[in-house]
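Following: one structure in structure tokens, then a few remarks.
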Amino acid sequence: MIEDRMKYQKKSSTDMIRWELRSSAAENREYLKMVTHPNYHSPSNQTTFSETMEDYYRRMREVVHGLGKAISKTLGMEESFIEKAFKLESGFDVSAMNLYPPNFKSKGSIGVPDHTDPGFFVSLIQDINGGLQILSHQGKWIDVNYMPSNAILINTGDHLEILSNGKYKSHVHRVVVDNNNVKRVSVATLHGPSLDAFVKPMPEFLDDALPPNYDGATYKHYLEANGQHLIDVQSNIQQFRHN
Ligand SMILES: O=C(O)CCC(=O)C(=O)O
Ligand SMILES: [Fe+2]
């Protein structure tokens with residue numbers, strides 16, 4: 001029932017659960033965002049949902065630690081490099097459950113406009129293929145339209161870009177609803193550093209020819225720049241990037 005969801009509509013800056021309905025030419029989706037780590041928050045009236053999803057988010061924490069090790073190695077660093085830099089043990093995770101209307105019910109062709117996401121990485125699952133697009137190095141939109149049904153898509157976030165001084169890039173992506181005849185559901189979880197972790201380009205990625213390309217900030221400060229709330233988990237990378 002929509003009334004059950006509407007009670008989580010925008011209220012205060014301390015909200016750990018947030019529901020919104022966006023229906024305009026610029027954005028067509030309904031979403032529920034909730035903080036899932038270090039403390040798990042879920043709608044109190046949905047028992048089955050909570051158990052299944054809590055299990056999913058718990059298992060995803062194993063992926064967070066595993067990718068922390070693996071990506072540290074790809075950067076030529078020791079295994080615990082990212083774990084320590086982001087204080088992953090108390091990493092701030094926010095999950096967005098998105099519901100996109102079929103094209104004939106939307107107000108335009110855009111589900112979510114182009115953006116990057118803050119944090120270490122985003123994990124994404126979906127019920128049907130169709131809609132997610134990633135911007136390539138050449139500036140072309142690539143359809144993510146061949147994901148097996150049990151796959152999890154990993155998209156790198158702003159803070160891996162900042163930490164590695166741009167070696168890793170935070171990928172620009174968007175959702176289009178053009179070709180969808182049926183609604184689409186996705187769960188995008190933004191796995192972030194700890195709110196008090198101060199993230200800056202690490203000295204290992206700097207030299208005389210390569211000065212820091214980003215200003216450092218705590219994750220909390222980064223998320224709240226431009227007056228946003230933590231639960232909105234909006235990218236503010238333009239404000240922290242030097243060029
Ligand atoms: O639904 C999708 O495929 C992506 C959603 C997304 O980019 C987001 O919630 O940040
Ligand atoms: Fe996103």
Side-chain angles (χ1 to χ4, degrees), residues 5 8 10 15-24 26-37 41 53 56-57 60 64 67 91-103 105-136 141-162 168-193 219 222-223 226 228-238:
R5 311 204 282 279
Y8 296 107
K10 201 164 189 149
D15 285 338
M16 294 294 154
I17 303 182
R18 165 79 52 80
W19 175 86
E20 272 188 80
L21 178 62
R22 300 246 169 110
S23 185
S24 71
E27 186 164 356
N28 287 275
R29 68 168 165 163
E30 179 185 336
Y31 65 75
L32 185 74
K33 282 185 183 169
M34 49 195 232
V35 176
T36 58
H37 195 269
H41 299 265
M53 293 312 287
Y56 172 73
Y57 296 121
M60 278 313 297
V64 169
L67 277 178
F92 185 68
D93 290 355
V94 176
S95 190
M97 296 174 191
N98 301 301
L99 173 64
Y100 302 93
N103 58 355
K105 283 200 171 171
S106 73
K107 299 242 166 85
S109 59
I110 299 297
V112 192
D114 27 332
H115 67 283
T116 64
D117 287 306
F120 176 21
F121 68 87
V122 180
S123 57
L124 182 119
I125 51 176
Q126 59 177 9
D127 65 341
I128 58 156
N129 276 310
L132 178 60
Q133 297 184 328
I134 294 186
L135 194 63
S136 74
W141 287 106
I142 311 213
D143 287 318
V144 181
N145 57 4
Y146 40 79
M147 247 174 93
S149 60
N150 53 359
I152 300 173
L153 181 93
I154 303 292
N155 203 9
T156 45
D158 296 349
H159 287 72
L160 190 56
E161 176 170 332
I162 296 170
Y168 270 93
K169 293 277 185 284
S170 186
H171 283 110
V172 177
H173 55 284
R174 69 179 182 186
V175 176
V176 291
V177 292
D178 279 357
N179 299 320
N180 287 2
N181 298 317
V182 292
K183 68 178 164 59
R184 170 172 173 264
V185 173
S186 72
V187 179
T189 308
L190 283 67
H191 305 276
Y219 193 41
Y222 179 95
L223 291 177
N226 296 328
Q228 274 131 356
H229 295 171
L230 294 178
I231 189 80
D232 291 325
V233 278
Q234 291 297 306
S235 171
N236 285 313
I237 195 139
Q238 302 309 350

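Every number for a ligand or one of its atoms is a count from 1 in the order of the listing.
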- prompt: Taking it one step at a time, do Asn181 and Asn103 satisfy side-chain contact (heavy atoms from CB on, under 4.5 Å)?
  reply: CA-CA 6 Å; Asn181 298 317; Asn103 58 355; 4.3 Å; yes
- line: Ranked by distance from atom 5 (C) of ligand 1, the top protein heavy atom is Tyr100 OH, 3.4 Å
field: Which atom of Asp117 approaches the Fe ion (ligand 2) most closely (N/O/S)
entry: OD2
message: Under 4.0 Å from a heavy atom of Leu124: which atoms of ligand 1 are those, numbered in the order shown and with their elements?
response: 2 (C), 3 (O), 4 (C)
- prompt: What do you reckon, does Arg184 put a non-hydrogen atom under 4.0 Å from ligand 1?
  reply: yes
query: With a 4.5 Å limit on heavy-atom distance, are the side chains of Ile162 and Tyr222 in contact?
result: yes
message: Could you check whether any heavy atom of His173 sits closer than 4.0 Å to an atom of ligand 1, since that is the contact criterion I want to use?
response: yes
- request: Mind checking whether Asp117 contacts ligand 1 via backbone (N, CA, C, O), side chain (CB onward), both or neither, at a 4.0 Å heavy-atom cut-off?
  value: side chain
- prompt: Any sub-3.5 Å donor-acceptor pair from Asn98's side-chain atoms to Tyr31's backbone N or O?
  reply: no
task: With rounding to the nearest 0.5 Å, note down the distance linking OG in Ser170 to NE2 in His159.
output: 9.5 Å
Side chains of Leu153 and Leu132 in contact at under 4.5 Å (non-hydrogen atoms): yes
Sub-4.5 Å side-chain heavy-atom contact between Val233 and Asp117: no
field: For Arg29, atoms of ligand 1 separated by under 4.0 Å from a heavy atom
entry: 9 (O)
